[in-house]
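A short write-up of the structure that comes next.
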Amino acid sequence: MSKMSEALADCGALQFGDFTLASGAKSSYYIDIKKASTNPKVLRLIAQQMAERIGKDGIAVDRIAGVVLGSVPLAAALALETGIPYVMIRKEKKDHGTGKLIEGDLNEGDRVLVVEDVITSAGSSIKAIGTLREAGAMVTDVCSVIDREAGGEGNLRDIGVTLHPLVRASELL
C-alpha cells in the first residue's frame with residue numbers, strides 16, 4: 001500500500017457502504033477527500049506528491065487551478081509547495097461582485113494544471129477545462145488525488161488532457 005493510500009485510510013477518508021456519487025453512479029465505497037484536505041499532514045503529503053508528480057512527468061505549469069470547493073485547498077497547498085500561483089474556478093457565475101468564473105490572475109496562453117480531489121467521470125474537470133480554455137489558457141494535464149477508474153481518464157483523453165492520479169481505486173481497495 002502506498003504512503004498516500006495509508007494516509008487516506010488512516011484519516012478516515014476511505015469509507016465502505018452504499019453511496020451515490022456526484023456522477024449519480026452507485027458505489028460500495030466512498031472517498032471523503034474533505035477529511036484528507038482538512039487534515040494538515042495529509043494535505044501536505046498530497047501537495048508534496050503532486051509537486052513530485054509535476055517534476056517527474058515533466059508537466060510545464062504557469063498556473064494551478066482548483067475547482068470550487070473541493071479542489072481549492074489542494075490548489076492552495078500545491079501553490080505553497082511549488083511557488084506556482086493558482087486560480088479558483090467557479091462552477092457557476094455569482095450574481096454579485098465581479099461575476100467571474102475564474103478568480104485569480106490568469107493570462108492568455110498560461111499553461112494551467114487542473115488539480116482535482118477525486119476523478120470519476122471527470123465531468124466537473126471537463127467543465128472547468130472548458131472555462132479555462134475559453135479564457136485563453138492551455139490545459140493539457142489534470143492531477144488528481146484519486147482516480148476511481150470509472151471512465152474519467154478516457155473522457156479527459158478525448159479532449160486532449162492527460163490524467164496524473166496519485167492513487168488509483170484498484171490500489172486503494
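Please read these numbers as outputs of a predicted model, since none were measured by experiment.
Residue Asn155 holds its CG atom at 5.0 Å from CD1 of Ile126, rounded to the nearest 0.5 Å. Rounding to the nearest 0.5 Å places CG of Leu14 at 5.5 Å from CG of Leu172. Taking CE of Met50 as the reference point, atom CG of Leu45 lies at 10.5 Å (rounded to 0.5 Å). Leu166 contributes atom CG, which lies 9.5 Å from atom CD of Glu52 (distance to the nearest 0.5 angstrom).
Annotation: side chain to side chain contact (heavy atoms under 4.5 Å, CB included) contacts of Thr20 (sequence neighbours excluded): Lys26. Looking at residues two or more places apart in sequence or on another chain, you find a side-chain hydrogen bond (donor to acceptor under 3.5 Å, both in side chains) between Ser5 and Ser2. For Arg44, the salt bridge (Lys or Arg N to Asp or Glu O under 4.0 Å) test picks out no residue, with sequence neighbours left out. With sequence neighbours excluded, no residue forms a side-chain hydrogen bond (donor to acceptor under 3.5 Å, both in side chains) with Thr162. Under the side chain to side chain contact (heavy atoms under 4.5 Å, CB included) criterion, Arg133 pairs with Ile129, Val139, Ile159, Val161, sequence neighbours left out. With sequence neighbours excluded, the residues that form a side chain to side chain contact (heavy atoms under 4.5 Å, CB included) with Ser71 are Glu116, Asp117. With sequence neighbours excluded, the residues satisfying side-chain hydrogen bond (donor to acceptor under 3.5 Å, both in side chains) with Ser27 are Arg148. When the side chain to side chain contact (heavy atoms under 4.5 Å, CB included) test is applied to Glu81, the partners found at least two apart in sequence or on another chain are Ala47, Gln48, Ala51. Residues satisfying the salt bridge (Lys or Arg N to Asp or Glu O under 4.0 Å) criterion with Arg53, sequence neighbours excluded, are Asp57.
No continuous path of hydrophobic side-chain contacts links Ile64 to Ile102 [ILVMFWY only; heavy atoms under 4.5 Å]. In terms of hydrophobic clustering, with Ile, Leu, Val, Met, Phe, Trp and Tyr side chains grouped at heavy-atom distances under 4.5 Å, Leu69 and Leu101 are assigned to different clusters. Cluster membership check: Ile59 shares its hydrophobic cluster with Val167, using side-chain heavy-atom separations under 4.5 Å among Ile, Leu, Val, Met, Phe, Trp and Tyr. The hydrophobic clustering, which links ILVMFWY residues whose side-chain heavy atoms are closer than 4.5 Å, places Tyr86 and Val112 apart. By the rule that hydrophobic residues join a cluster once side-chain heavy atoms approach within less than 4.5 Å of another member, Val87 and Val72 end up as members of separate clusters.
Atom CG of Asp158 has more than 12 neighbouring heavy atoms from other residues, nucleotides or ligands inside a 6.0 Å radius. Within a 6.0 Å sphere centred on NZ of Lys91, other residues, nucleotides and ligands contribute 12 heavy atoms or fewer. For Asp105, the CG atom counts as loosely surrounded, since its 6.0 Å shell holds 12 or fewer non-hydrogen atoms of other residues, nucleotides or ligands.
Counting only residues at least two apart or in different chains, side chain to side chain donor-acceptor pair (under 3.5 Å) contacts with residues 134-143 comprise Asp141-His164. Judged as a salt bridge (charged side-chain N to carboxylate O under 4.0 Å, His left out), the pairs with a partner in residues 160-173 (not counting sequence neighbours) are, in order, Asp147-Arg168, Glu153-Arg168.
When atom types are taken as modelled, the side chain of Asp110 and the backbone of Asp62 share no donor-acceptor pair closer than 3.5 angstrom.
Listed by chain and number, the hydrophobic cluster partners of Leu21 are Phe19, Tyr30, where partners are ILVMFWY side chains within reach of under 4.5 Å, directly or through others.
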Show your reasoning for whether side-chain contact (heavy atoms from CB on, under 4.5 Å) applies to Val115 and Val145. CA-CA 8 Å; Val115 295; Val145 180; over 6 Å; no

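The shortest heavy-atom contact between Lys35 and Cys11 is CD-O, 3.6 Å. Leu106 approaches Ala135 most closely through the heavy-atom pair CD2-CB, 3.9 Å. Contact detail for Ile46 and Ala36: the closest heavy-atom pair is CD1-CB, 4.4 Å. The two residues Met138 and Gly109 come nearest to each other via the heavy atoms CE-O, 3.5 Å. Minimum interatomic distance between Val42 and Ala7 (heavy atoms only, all atoms of both residues): CG2-O, 4.2 Å. Between Gly152 and Ile119, the shortest heavy-atom contact is CA-CG2, 3.9 Å.
Looking only at side-chain heavy atoms (C-beta outward), Leu74 and Ser37 come within less than 4.5 Å of each other. Counting heavy atoms from C-beta outward, Ile89 and Lys127 have side chains that stay 4.5 Å or more apart. Contact check for Leu78 versus Ile84: no side-chain heavy atoms found under the 4.5 Å cut-off. Looking at heavy atoms from C-beta onward, Leu113 lies in side-chain contact with Cys143 at the 4.5 angstrom threshold. Inter-residue side-chain proximity for Arg90 and Glu103 is flagged as met; some heavy-atom pair is nearer than 4.5 Å.
For the side-chain contact (heavy atoms from CB on, under 4.5 Å) test with Val114, the passing option among Leu163, Val142, Leu156 is Val142; the others fail.
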